[in-house]
There are 2 protein chains.
Amino acid sequence: MRLGAAIGKMRGGGYKATPQRMAVLRALVEEQHQSLEEIRARCPEVGLVTVYRTLDLLGSLGIVRRLDLGDGARYELAENHHHHMICESCGDISEFEECPLDPERLPSGRADFEVRAHSLEVYGRCGACR
Amino acid sequence: MRLGAAIGKMRGGGYKATPQRMAVLRALVEEQHQSLEEIRARCPEVGLVTVYRTLDLLGSLGIVRRLDLGDGARYELAENHHHHMICESCGDISEFEECPLDPERLPSGRADFEVRAHSLEVYGRCGACR
DNA sequence: CACTAATTGAAAAAAATTTTCAGTTACGGA
DNA sequence: TCCGTAACTGAAAATTTTTTTCAATTAGTG
């Protein structure tokens, strides 16, 4: 389970699994690519500063990833695969499951780079906007 | 040529190709994924506000893309293909050319989405950090 | 070459993020 | 189970980033 793994990573790094951190984590589990304010709305009991600090911490542990797809910063759980579809007209962000990557052509081995995860953004126009 | 196409897009949208805008464009051509301050250092004669406004404009014209890979906002010319390799240890960002995408598995047609461009971020550890 | 809508820059305002610091708490070890 | 301590929190303040305002300037059409 997601939260369990996150707690493990925190403890392993010498960090405490506080109620505030768990609340932020739960907010992140509920929906992907939320803005700071959206996250905050899901855990109003946690102070603003703590949300920032928690997102930082989770980011440095590789649990959360910050992304900016044109509007402000957004946060999401760092899945190993992540595939976004972004409409350049209306700005809508959606996700799709099937991974279009050919692992053979990833820069593993080559370039001496060890691949752990990836995030793909496909830009274009959604059905509604065409 | 890049700059020519950009000027065309600006004119076409009813916008003027001013010296300031051209200076920002030239800065962007010199290097990809720069921070605002890095861009500004390459065209110190352009006012801060104008740099922001120009990046906005170029963004809305699809010429420039803003991205955030963990540190602050960065800007890059919006190539149709873009492949980043990000080291989670040292934060270094590099690019690679070969496109590992299988076009057949992109969400074109399916999902009613018209694909125009993509950006791929591969996360892992670079040679130096391993 | 003149006209006009678009553009610029400086200052001010607003928004986002980070720092400070005193008080609180999680949790490993006795 | 309880203690001690390093880690954590929240409020306010500071800092940084981004946007707005507005009077003066300019690119580019006609």
Side-chain angles (χ1 to χ4, degrees), chain A residues 3-28 33-61 63-76 91, chain B residues 3-28 33-61 63-76 91:
Chain A
L3 290 186
I7 294 175
K9 280 194 188 182
M10 286 197 274
R11 296 260 169 83
Y15 304 105
K16 296 178 179 172
T18 67
Q20 291 90 340
R21 285 174 181 166
M22 297 315 294
V24 171
L25 266 172
R26 258 181 272 113
L28 290 167
H33 32 80
Q34 296 180 79
S35 67
L36 187 94
E37 284 312 318
E38 288 166 343
I39 294 167
R40 229 154 93 68
R42 292 182 194 273
C43 50
E45 74 279 15
V46 182
L48 170 64
V49 184
T50 299
V51 175
Y52 273 112
R53 281 189 289 222
T54 299
L55 291 171
D56 265 10
L57 174 66
L58 296 177
S60 73
L61 292 174
I63 296 170
V64 161
R65 185 171 298 151
R66 171 165 42 159
L67 63 148
D68 185 334
L69 301 175
D71 47 359
R74 291 177 171 278
Y75 300 84
E76 63 180 21
Chain B
L3 290 186
I7 293 175
K9 281 194 188 181
M10 285 197 275
R11 296 259 167 84
Y15 303 105
K16 297 177 179 175
T18 66
Q20 290 90 338
R21 286 174 181 168
M22 297 314 295
V24 171
L25 266 173
R26 258 181 272 112
L28 290 168
H33 32 78
Q34 297 180 78
S35 67
L36 188 95
E37 284 313 318
E38 288 166 343
I39 294 168
R40 230 155 94 68
R42 291 183 195 271
C43 50
E45 75 278 16
V46 183
L48 169 65
V49 184
T50 299
V51 175
Y52 272 111
R53 281 189 289 222
T54 300
L55 291 171
D56 265 9
L57 174 65
L58 296 177
S60 72
L61 292 173
I63 297 169
V64 161
R65 185 172 299 150
R66 173 166 38 157
L67 63 147
D68 185 333
L69 303 175
D71 47 1
R74 293 179 170 275
Y75 300 85
E76 63 179 22

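Bear in mind that the values here come from a model prediction, so they are computed numbers and not experimental data. Below, read A as the first sequence line, B as the second, and so on, with proteins coming before strands; counting in each chain starts at 1.
What separates CG of B:L36 from P of D:dT18 is a distance of 6 Å, to the nearest Å. Residue A:L48 contributes atom CG, which lies 10 Å from atom P of C:dA16 at whole-angstrom precision. Atoms CG (A:D56) and P (D:dA7) sit 17 Å apart, rounded to a whole Å. Separating the CE atom of A:M10 from the P atom of D:dC8 is a distance of 9 Å, rounded to the nearest angstrom. In this entry the distance linking CZ of B:R74 with P of D:dT18 reads 12 Å, nearest Å. In this structure, A:D68 places its CG atom 15 Å from P of D:dT17, rounding to the nearest Å. Taking atom CZ of A:R21 as the reference point, atom P of D:dA7 lies 11 Å away to the nearest angstrom. Atoms CG (A:L25) and P (D:dC8) sit 13 Å apart, rounded to a whole Å.
In this structure, B:L48 and B:L36 have side chains that are in contact, with non-hydrogen atoms separated by less than 4.5 Å. Between B:I39 and B:L55 the shortest side-chain heavy-atom distance falls below 4.5 Å. Using a 4.5 Å heavy-atom cutoff, the side chains of B:I63 and B:L25 are in contact. At a threshold of 4.5 Å between non-hydrogen side-chain atoms, the residues B:L58 and B:Y75 do not count as touching. Contact check for A:V24 versus A:R21: no side-chain heavy atoms found under the 4.5 Å cut-off.
Bending across the helix from C:dC1-D:dG30 to C:dA30-D:dT1, expressed as the angle between its end axes from five pairs apiece, amounts to 50° (10° rounding).
Of the two residues near DNA chain D, A:G14 and A:V46, the one whose nearest nucleotide lies more 5' is A:G14. Residues B:R66 and B:Y15 both approach DNA chain D. Their nearest nucleotides, taken by heavy-atom distance, put B:R66 toward the 5′ side.
A:R66 places no side-chain N or O within donor-acceptor distance of the main-chain N or O of B:D68, the cut-off being under 3.5 Å.
Sorted by first and then second residue, the salt bridge (charged side-chain N to carboxylate O under 4.0 Å, His left out) pairs involving residues 35-49 of chain B (not counting sequence neighbours) are B:E30-B:R42, B:E31-B:R42, B:E37-B:R40, B:E38-B:R74.
Screening A:T54, A:V64, A:L3 against A:L28 for a side-chain contact (heavy atoms from CB on, under 4.5 Å) leaves a single residue, A:V64.
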request  = Heavy atoms under 4.0 Å is the rule here; annotate nucleotides 19-26 of chain C 5' to 3' with B where the base is hit, S where only the sugar-phosphate is, and - elsewhere.
outcome  = BB----BB
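Note that OG of B:S60 is 10.5 Å distant from NZ of B:K9, once rounded to the nearest 0.5 Å.
For C:dT18, the OP1/OP2 oxygens have no side-chain nitrogen or oxygen of A:Y52 closer than 4.0 Å. For the pair B:Q20 and D:dT26, the criterion of a side-chain N or O lying under 4.0 Å from OP1 or OP2 is not met.
In this structure, A:E37 reaches neither bases nor backbone, as no heavy-atom distance under 4.0 Å exists between it and the strands shown.
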